[in-house]
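All figures in this text were calculated on a predicted structure; none of them were measured in a lab. Below, chain A is the first sequence line, B the second, and so on; all start at residue 1.
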There are 2 protein chains.
Amino acid sequence: METEITDRGARPVPTLASIAERVGVSVNTVSRALRAPNTVRPELRRRINAAMEELNYVPNRLAGGLSGTRSDIVGVVVTSLYYSEFASIIDTLQSALLESGLQVMLANTRYNADQELKLVRSILSWRPAAIAIIGVDHPPKVVELLKASAIPIIEMWDTDGEVIDTAVGFDHTRVGAAQADHLIARGYRRIAFIGSVRENDRRAQKRLNGLEAAAAVAGLPQVLKHTAQQGGSPALGERLAFELIEGHPEIDAIACNSDVVAFGVLRALKTLGKRVPDDIGVIAFGDNEAAGCVTPPLTTVRPDRERIGKLTAEAILARINGAEPCTTIVEWELVARESTHKKNA
Amino acid sequence: METEITDRGARPVPTLASIAERVGVSVNTVSRALRAPNTVRPELRRRINAAMEELNYVPNRLAGGLSGTRSDIVGVVVTSLYYSEFASIIDTLQSALLESGLQVMLANTRYNADQELKLVRSILSWRPAAIAIIGVDHPPKVVELLKASAIPIIEMWDTDGEVIDTAVGFDHTRVGAAQADHLIARGYRRIAFIGSVRENDRRAQKRLNGLEAAAAVAGLPQVLKHTAQQGGSPALGERLAFELIEGHPEIDAIACNSDVVAFGVLRALKTLGKRVPDDIGVIAFGDNEAAGCVTPPLTTVRPDRERIGKLTAEAILARINGAEPCTTIVEWELVARESTHKKNA
DNA sequence: TGGCATAAAGTTAACGGTAACGCAACGCTC
DNA sequence: GAGCGTTGCGTTACCGTTAACTTTATGCCA
């Protein structure tokens, strides 16, 4: 029998060599037709492109990255993917990078420091062109690795602290202060703080610090804190609000770590018969898409995520092209809605 | 002068060869100490590990992928990153894959077919171990590329159509039918559909089809459709609802393509003085985190995103290890809340 | 003690590209 | 028409790792 078990449709993937052979040129010429088309005769270029099209050639970027100087990968390390917290940053960042041929490699630490080290190591093993990472507070070992990697590191979202290289974000302490100032201006006096404040969520802690400090400066009684380690959700907000009001019925304003938590707080207050904003004011942080659609519409702080994503992409490209590191503060906005609009103030 | 411009801190990144030289063994032995530790003498292994620790060695997976058979990359192609639509699928998927040492490479098509082709090509150029992609309806060229790649392809979210390899999701037509059935059971008769239905969002179209078909079967008047091509948002829902009610005040139920759109619809109806659920019932799809927190709480369909993410990860691993392709239907749930709870029915 | 399986390490050759260099062929100038 | 720069392509040498062999040391049994 002559018939053998031949290629069962699993043809070997075409390489530059396949193309070269078919066209009758050297491998390097094919490579050049891709990287620097105008160094190849138009007619030859056409034939090469036709062959690529025909064989469905897809370049092997692992090989390209190993051989060349760049790897075209940008590592993106976030602390959470739930709820729109960072999704639109990633969205904008990804789209902007794509235009420059950079691919996003994603990692999610879930606010876990050990995980963060593991993930950063893992991402570094792909020899990325740059890394974008949430926050400026990282375990020492992570900082050491990132610094030693000698690639551009863009820290996003938070700018308050020791920046490794370049940062794009804002000062969360000021956000907390602004929340307090707003509540005070609206006539609230007994402020409480509710939310998920995980050990590694330094941003949440900073906002809380800012809130407390501003309240203290204004001579208000100490801010009551009722927090949990688990992730934020309406259910969490609801539970924490019930517990808080039961123990401290004198509270007249609640600042929430996130809109999602505030949604649950609003529901709890409604159940308890507390009127918002007249009995209790509620302010939050994040500008979730539903913030203006709950009852009453939620006063919150809107960080400009898309701008952060876009500026991060620009910073990455700039740094790759040799620009100096720098820190960019991105504006945020306190969106005053009905949940803090006390009528009898 | 003897001093030259020496390495200014930019030490070359350590390679297996650096470690090998320092320990005094061959490169391959170091490689083995990593990949198959028990083929190396414990004492030697210890010295190798120590050297790696000391030099802060990070393996080069580009080289590993090029040389070896696997590349440890899983391409994940989604159609959107905004609002929690797919975020928690990615979250779960990423975490599950990480445990097996697989890294997620992310791409977002933004419901653009040209973009989808470009992105799939781009991802394939990293020679991924598998690809997970949203939907079963792709441009022919994309299907051709994916099939030719001979790697496991997991299509997520939708299962209704021609599956390339393996799918994990549900039938969106049935979701639409269930929405109609629910409205009918609750006593609504004149149903309208509102939402963002982009040309490439076949899932939205399927849900709409299911809704229309079920309404027709029940002998209801034809479903009024008022849609837009732009992305869904509360603002869009609000505008569409205003326009719809103005032209068709007889409408007594609105099915929305997504919760986010429904939030805007609820706001518009409130402005118009229409009572929900008594004058008009509202049902949506997605189970956004705020769905239970708006007024009235929104009846919606809750797909089990985390389960889809988890099952997708499992399917990827199974397929990599040689299991047969298969399609898994993931249950969803119609969460009946107040927005469709007509009192006088 | 010789023979032979086994364990532990070394040797060599890819993997698929890129970059530096080399070398013809061509057109231009004087 | 000799000299010279330019254009267009081929040669060669890696990039860092893995995989398939080969070699050497070790133990075991007859």
- A/Leu44 has its side chain closest, among D/dT17, D/dC9, C/dA20, to D/dC9
- Message: Base, sugar-phosphate or nothing for A/Asn28? Non-hydrogen atoms, less than 4.0 Å.
- Response: base
- Item | Shortest side-chain distance from B/Arg127, nucleotide among D/dG16, D/dC9, C/dG17 | C/dG17
- Message: If we check side chain to side chain contact (heavy atoms under 4.5 Å, CB included) with B/Phe86, which of these qualifies: B/Thr79, B/Asn108, B/Leu81?
- Response: B/Thr79
- Among the nucleotides D/dG16, D/dG10, C/dA9, which one has an atom lying closest to any side-chain atom of A/Val25? D/dG10
- Counting any heavy atom closer than 4.0 Å, what does B/Thr15 reach on the DNA or RNA strands: base, sugar-phosphate only, or nothing? sugar-phosphate
- Regarding A/Ser95 and B/Arg110, is there a side-chain donor-to-acceptor distance under 3.5 Å anywhere? yes
- Which is true for B/Ser26 with a 4.0 Å heavy-atom rule: it touches a base, it touches only sugar-phosphate, or it touches nothing? base
- Check whether the side chains of B/Arg307 and B/Thr92 place a donor and an acceptor atom closer than 3.5 Å, and report yes or no. no
- Return the nearest nucleotide to the side chain of B/Val27; candidates are C/dT18, C/dG16, D/dT17. D/dT17
- Round to a whole Å and report the spacing from CD of B/Glu43 to P of C/dA7. 19 Å
- Which nucleotide in D/dG8, C/dG16, D/dT18 has an atom nearest any side-chain atom of B/Arg35: D/dT18
- B/Arg319 and B/Glu324 ion-paired at < 4.0 Å: no
- Query: What's the closest nucleotide to the A/Ser67 side chain, out of D/dT17, D/dC9, C/dG16?
  - Reply: C/dG16
- Message: What I want to check is whether an N or O donor and acceptor connect the side chain of B/Arg32 with the base of C/dG10 at under 3.5 Å.
- Response: yes
